[in-house]
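For this chain, numbers begin at 1 and follow the sequence in order. Each ligand, and each atom within it, is numbered from 1 in the order the structure gives.
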Amino acid sequence: MNPTATLLAPHLDQALTQIRANLDAFGDAFPDDCTVAGRYQLRPAGSGQPAGSNLGWTTGFRTGLLWLAHEHTGEAMFKAAAGRDVASFARRIAGAIDTETHDLGFLYVPSCVAAWRLTGDQRGRAAALAAAQALMGRIIEPAGIVQAWGDLDDPTQQGRTIIDSLMNMPLFYWAGRQTGDPTYVRAAVRHVTQLRDHIIRDDDSTFHTFWWDPVSGAPLRGSTQQGHSDSSCWARGQAWGIYGFALNYRLSGDPTFLAAAQRCARYYLDHLPVDLVPYWDMVFTDGSAEPRDSSAAAIAACGLIELASNLPPGPERERYQGWAVATVDSLALGYTPPPAGLASGLLAHGVYDMPKHVGVDEANLWGDYYYFEALTRLARPGWTPYWRQPVRSES
Ligand code: GLY
């Protein structure tokens with residue numbers, strides 16, 4: 001075992017214990033996006049489906065946690081449970097159940113692409129390809145962006161994309177590799193190029209969302225949905241920017257995406273409080289009474305590791321890797337809940353949506369997932385995250 005893995009072993013064990021307890025608590029049902037008073041609840045009914053159904057944008061993270069747990073332990077129980085989730089994802093895309101969203105990458109990569117990569121699951125592969133095709137259907141011309149939310153004809157959503165969408169692009173690259181169809185990669189590169197040019201401000205902070213004219217394709221304006229104000233920098237958005245641009249560089253080879261990731265990282269690192277876990281919006285600094293968003297720190301840690309791995313050996317690479325290690329240390333030591341039994345999070349003190357007062361100072365599924373991914377990436381330096389190309393034969 002490498003020395004880092006030895007140091008991280010107790011944190012990995014704690015996370016695995018919680019994943020096991022949560023599987024006991026929920027079985028094949030899906031927990032909700034975030035905890036309430038520290039406990040995950042059953043996902044509410046919706047879209048004509050009963051409570052506990054595969055709905056919303058975060059269910060892929062619960063399946064991704066099961067795949068990670070299987071990779072760490074080799075336990076058949078995790079593999080079987082993840083496989084049952086994959087069947088649910090296949091039914092979801094086949095029935096177009098709550099699929100009018102750009103979040104198909106968040107949903108189908110850590111569940112179905114992971115299943116294909118780890119076990120050769122053909123049903124997972126077919127479901128992920130169907131999801132990629134559905135995502136292609138969300139491209140708005142002539143802007144060439146993937147619309148984030150809602151029906152494409154909905155005037156309240158038309159022409160808007162959000163920084164989070166960068167993380168959905170790996171589904172396109174994967175589908176391109178699987179099918180040999182270059183349209184997928186072209187679509188990803190066009191979308192990411194638009195975000196590179198418009199969603200990053202001159203000071204390297206980012207807008208949460210950006211609007212394009214749906215008729216002319218002209219870039220219009222930035223705005224926020226979950227941040228403090230249109231001109232502030234929503235912490236999780238900045239973290240999505242680091243990881244999202246870095247992954248898009250890795251998958252496309254476009255050096256301007258690497259530069260975009262570096263810009264996002266510079267701003268993020270320059271605006272952190274001393275324990276390296278940002279307030280929910282980066283307008284707040286040390287001394288503020290506002291809540292932190294631990295999930296932003298977990299995403300940023302994965303992004304910094306990815307960014308570092310794309311740079312040649314040298315001070316900049318060391319700096320990003322060093323900040324990632326220190327962030328994960330801070331999360332493991334100060335932001336994990338005490339062992340709490342069934343239905344608790346792996347990572348406490350996240351914020352889902354402050355303006356709507358949802359999931360404030362609670363655990364959430366993506367925080368849990370990226371925290372565990374960050375632990376995995378540090379403990380196993382050769383491990384390839386699910387967002388990157390699969391290593392298995394793709395024939
Ligand atoms: N992708 C939605 C969020 O980060 O809250």
Checklist line | Check ion pair Asp275-Arg292 (N to O, under 4.0 angstrom) | finding: yes
Which of the atoms of ligand 1 are close to [X], meaning less than 4.0 Å from one of its heavy atoms?
X	result
Asp164	1 (N), 2 (C), 3 (C), 4 (O)
Gln226	3 (C), 5 (O)
Arg236	3 (C), 4 (O), 5 (O)

Check: Between His72 and Phe372, does the ring centre distance come in under 6.0 Å?
Finding: yes
Checklist line | Inter- and intrachain pairs under salt bridge (charged side-chain N to carboxylate O under 4.0 Å, His left out), touching residues 53-78, at least two apart | finding: Arg20-Glu75, Arg62-Asp85
Check: Considering only heavy atoms, does Trp234 approach ligand 1 within less than 4.0 Å through its side chain, its backbone, both, or neither?
Finding: side chain
Notebook entry, point to check: Which is it for Trp240 and ligand 1 at heavy atoms under 4.0 Å: side chain, backbone, both or neither?
Noted result: side chain
Next item on the list: Taking the side chain as every heavy atom from C-beta outward, state whether Ile140 and Trp212 have any atom pair closer than 4.5 Å.
Entry: no
Notebook entry, point to check: Taking the inter-plane angle between the rings of Phe257 and Phe245 on a 0 to 90° scale, is it parallel (under 30°), tilted (30 to 60°) or perpendicular (over 60°)?
Noted result: tilted
Margin query: Can you tell me if Trp366 contacts ligand 1 (heavy atom of the residue under 4.0 Å from the ligand)?
Written below: no
